[in-house]
**Q** 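The structure that follows is given in the form of structure tokens.
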Amino acid sequence: LTPVSRSASVLLVDDQPIIGEAVRRMLAGEEGVAFHYCRDPAVALERAAEVCPTVILQDLVMPEIDGLELVRRYRADERFRDVPVIVLSTKEEPEVKAEAFALGANDYIVKLPDKLELVARVKYHSRAYTALVERNEAFAALQKSQQVLAHDLATAAHYVRSLLPPPQTLGSVRADWRFIPSASLGGDAFGYHDLDPDHLALYLLDVCGYGVGAALLSVSALNAIRSEALPNTDFRDPGAVLAGLNRAFPMERHNDMFFTAWDGVYRRATGRMRWSVGGHPPALLLAPGGERKLLDSEGPLVGAVEGLDYAADEVAVAPGSRLYIYSDGAFEISRTDGTMWPFREVE
């Protein structure tokens with residue numbers, strides 16, 4: 001649609017100059033109303049393209065091309081598909097009126113109407129059309145903005161995923177994972193790496209909320225663990241790692257965002273693993289014989305309260321065991337009654 005101003009641009013298409021002059025006089029002096037006249041119906045569309053009408057006053061009976069045919073052409077042309085068309089006619093037959101409305105006319109006036117009535121209808125339809133154009137322009141701008149945002153989010157999601165370690169074999173441990181994106185960019189991240197030839201670190205964190213902010217915080221915390229960049233922290237001690245994260249990422253400095261985390265360190269020489277939890281769902285350890293153990297603790301959320309300590313527990317890991325670490329998206333399932341499936345029932 002062609003952008004329009006809040007003023008009314010009226011195009012009269014009528015083969016009788018006397019009618020054109022009469023309508024011009026009716027609209028003369030009306031603030032915000034510009035009048036345009038077209039005597040030849042054959043050039044009506046070209047004239048409309050020139051003046052960008054907000055209302056078309058269309059005579060019904062004309063030589064060569066009648067008014068109903070022009071109404072049909074307006075509605076077939078994308079430029080004028082939504083422009084209000086008021087039919088001016090000496091005919092009062094209901095069948096004619098019905099056909100005019102069926103073809104897309106917005107209003108029907110028996111000519112010549114009273115000046116007050118004509119001005120009122122012209123301004124009413126012009127305001128409605130202007131509002132429609134403005135809504136369409138706003139919607140188009142919103143769609144464009146959403147497309148840009150969707151592209152930016154997709155790029156951010158691709159970047160976050162690129163930071164995840166590849167499935168690989170680390171000595172006697174084989175690491176693999178599944179990443180299932182949600183509808184929104186989230187703050188979930190994980191990793192694993194050798195601290196030294198004997199110690200393997202495994203970790204997963206989940207920042208509250210969604211969006212770019214949550215993703216950026218998760219990447220920052222992930223890099224702090226992966227690069228072992230937490231001051232005064234023994235990375236072989238999972239409790240010390242979570243305490244270091246809690247010191248480094250207070251929610252007051254990160255837009256009130258906090259996160260949950262699970263951190264574990266497996267020692268190959270002893271076959272034992274220490275772990276600590278900061279408000280995160282417990283990991284699941286499955287032994288080859290089917291015995292299972294939830295690796296949980298009462299550790300608080302990371303970044304919510306400064307000065308907290310995080311306890312670490314230890315467990316023997318039998319050869320051939322499987323360890324599952326996951327975010328809450330793995331079990332947060334909506335039930336038919338609208339409630340969330342409780343974790344203990346999932347268990």
**Q** Ignoring hydrogens and geometry, is there a side-chain-to-backbone donor-acceptor pair from R75 to G104 under 3.5 Å?
**A** yes
**Q** Check whether the ring centres of Y203 and H193 lie less than 6.0 Å apart, and answer yes or no.
**A** yes
**Q** Check whether any side-chain heavy atom of L60 lies under 4.5 Å from a side-chain heavy atom of L68, and answer yes or no.
**A** yes
**Q** Say you draw a straight line from CD1 of I225 to CG of L202; how long is it, rounded to the nearest 0.5 Å?
**A** 11.0 Å
**Q** Are Y124 and V83 grouped together when hydrophobic residues (ILVMFWY) are joined by side-chain heavy atoms under 4.5 angstrom apart?
**A** no
**Q** In sequence, state the C-alpha distance, the side-chain angles, and the governing distance for R268 and D198, and then conclude on salt bridge (charged side-chain N to carboxylate O under 4.0 Å, His left out).
**A** CA-CA 5 Å; R268 296 181 176 92; D198 193 29; 5.9 Å; no
**Q** Would V23 and L57 satisfy side chain to side chain contact (heavy atoms under 4.5 Å, CB included), going step by step from the backbone distance to the final call?
**A** CA-CA 10 Å; V23 173; L57 299 177; 3.9 Å; yes
**Q** Is it the case that more than 12 heavy atoms not belonging to N232 sit under 6.0 Å from its CG atom?
**A** no
**Q** Within the side chain of W262, is there an N or O that forms a donor-acceptor pair under 3.5 Å with the backbone of D296?
**A** no
**Q** Would you compute the distance between atom CD of E137 and atom CG of L132 and round it to the nearest 0.5 angstrom?
**A** 10.0 Å
**Q** Taking side chain as C-beta onward, heavy atoms only, is L323 less than 4.5 Å from L295?
**A** yes
**Q** Given a cutoff of under 4.5 Å between side-chain heavy atoms of I, L, V, M, F, W and Y, with clusters grown through shared members, what are the other residues clustered with L116?
**A** none
**Q** Does CD in E64 sit with more than 12 non-hydrogen atoms of other residues, nucleotides or ligands closer than 6.0 Å?
**A** no
**Q** More than 12 foreign heavy atoms under 6.0 Å from CG of D309: is that the case here?
**A** no
**Q** Can you find a pair of side-chain heavy atoms, one from H36 and one from L12, that are under 4.5 Å apart?
**A** no
**Q** Hey, mind stepping through Y108 and S89 against side chain to side chain contact (heavy atoms under 4.5 Å, CB included) and telling me if it holds?
**A** CA-CA 8 Å; Y108 193 103; S89 176; 3.4 Å; yes
**Q** Any sub-3.5 Å donor-acceptor pair from Y326's side-chain atoms to P282's backbone N or O?
**A** yes
**Q** Please check if the number of heavy atoms outside E252 that lie under 6.0 Å from its CD is greater than 12.
**A** yes
**Q** Determine, stepwise, if the pair C208 / F259 fulfils side chain to side chain contact (heavy atoms under 4.5 Å, CB included).
**A** CA-CA 6 Å; C208 66; F259 54 92; over 6 Å; no
**Q** If you compare all heavy atoms of N246 against all heavy atoms of V305, which two are closest, and at what distance to 0.1 Å?
**A** ND2-O, 2.8 Å
**Q** Does I19 share a hydrophobic cluster with V61, counting links as ILVMFWY side-chain heavy atoms below 4.5 Å and allowing steps through other members?
**A** no
**Q** Considering residues, nucleotides and ligands other than I18, do more than 12 of their heavy atoms fall under 6.0 Å from its CD1?
**A** no
**Q** Quick check against the 3.5 Å criterion: does D77 have a side-chain atom that pairs as donor or acceptor with the backbone of R79?
**A** yes
**Q** Can you list everything that forms a side chain to side chain contact (heavy atoms under 4.5 Å, CB included) with T233? Sequence neighbours excluded, please.
**A** L230, F235, A240, V241, R247
**Q** I need the E31 CD to S7 OG distance, nearest 0.5 Å.
**A** 10.5 Å
**Q** Would you say the side-chain atoms of D107 and H125 include a donor-acceptor pair closer than 3.5 Å?
**A** yes
**Q** Identify the heavy atoms of V71 and A100 that sit nearest to each other, and give their distance.
**A** CG1-O, 4.4 Å
**Q** Do the side chain of T130 and the main chain of S126 share a donor and acceptor less than 3.5 angstrom apart?
**A** yes
**Q** What distance separates T260 OG1 from H280 NE2, expressed to the nearest 0.5 Å?
**A** 4.5 Å
**Q** Before accepting this row, confirm whether a basic side-chain N of the pair E78/R81 lies closer than 4.0 Å to the acidic partner's carboxylate O.
**A** no
**Q** Tell me every residue that passes ring-ring contact (aromatic ring centres under 6.0 Å, His included) with F258, counting only those two or more places apart in sequence or in another chain.
**A** none
**Q** Out of D263, D313, D237, which residue meets the side chain to side chain contact (heavy atoms under 4.5 Å, CB included) rule with R274?
**A** D237
**Q** Do H199 and D196 make a side-chain contact, defined as non-hydrogen atoms from C-beta onward lying under 4.5 Å apart?
**A** yes
**Q** Checking side chain to side chain contact (heavy atoms under 4.5 Å, CB included) for the pair V55/Y129: CA distance, chi angles, key distance, verdict?
**A** CA-CA 8 Å; V55 177; Y129 176 64; over 6 Å; no
**Q** Give a yes or no on this: more than 12 heavy atoms of other residues, nucleotides or ligands lie within 6.0 Å of atom CD of E298.
**A** no
**Q** Are L222 and Y310 connected in the hydrophobic side-chain network, where two residues link if heavy atoms are under 4.5 Å apart?
**A** yes
**Q** Looking only at heavy atoms, which two atoms of C38 and L11 are closest? And how far apart?
**A** CB-CD1, 4.1 Å
**Q** Any donor and acceptor pair, going by atom type alone, linking the side chain of Y37 with main-chain N or O of D14 inside 3.5 Å?
**A** yes
**Q** Measure from the side-chain N and O atoms of S145 to the backbone N and O of A141, and report whether any donor-acceptor pair falls under 3.5 Å.
**A** no
**Q** Looking only at non-hydrogen atoms, find the nearest pair between L217 and M257 and report the distance.
**A** CD2-CB, 3.8 Å
**Q** Do the non-hydrogen side-chain atoms of L294 and L284 ever get within less than 4.5 Å of each other?
**A** yes
**Q** Would you name the heavy atoms of L118 and P113 that are closest together and state the gap between them?
**A** CB-CG, 4.0 Å
**Q** Between L204 and Y266, is there a shared hydrophobic cluster once you connect ILVMFWY residues whose side-chain heavy atoms come closer than 4.5 Å?
**A** yes
**Q** Does a side chain donor of either D188 or S327 reach within less than 3.5 Å of an acceptor in the other side chain?
**A** yes
**Q** Less than 4.5 Å apart, side chain to side chain, heavy atoms only: is that true for L164 and F179?
**A** yes
**Q** Linking I/L/V/M/F/W/Y whenever their side-chain heavy atoms sit closer than 4.5 Å, directly or via other members, would V110 and L112 fall into one cluster?
**A** no
**Q** Donor-acceptor pair, distance only, cut-off 3.5 Å: does the side chain of D194 make one with the backbone of P197?
**A** no
**Q** Applying the side chain to side chain contact (heavy atoms under 4.5 Å, CB included) criterion to V122, which one of V10, T54, I109 satisfies it?
**A** V10
**Q** Might you point out which heavy atoms bring P63 and P41 nearest each other, and give the distance in Å?
**A** O-CG, 3.8 Å
**Q** Answer yes when E117 and R121 have at least one side-chain N-carboxylate O distance shorter than 4.0 Å, and no when they do not.
**A** yes
**Q** If you count heavy atoms of other groups shown closer than 6.0 angstrom to CZ of R322, is the number above 12?
**A** no
**Q** Hey, is the main chain of G239 close enough, under 3.5 Å, to the side chain of W275 for a donor-acceptor pair?
**A** no
**Q** Are there over 12 heavy-atom neighbours, none belonging to E306, within less than 6.0 Å of that residue's CD?
**A** no
**Q** Determine whether E21 and R25 satisfy the following criterion, salt bridge (charged side-chain N to carboxylate O under 4.0 Å, His left out), listing intermediate values before the conclusion.
**A** CA-CA 6 Å; E21 179 60 19; R25 292 186 179 188; 2.9 Å; yes
**Q** Within the structure provided, determine whether R272 and V317 are in side-chain contact (heavy-atom separation under 4.5 Å).
**A** no
**Q** Could you tell me whether a side-chain N or O of D15 sits under 3.5 Å from a main-chain N or O of R39, the two making a donor and an acceptor?
**A** no
**Q** Is any side-chain heavy atom of Y74 closer than 4.5 Å to one of Q58?
**A** yes
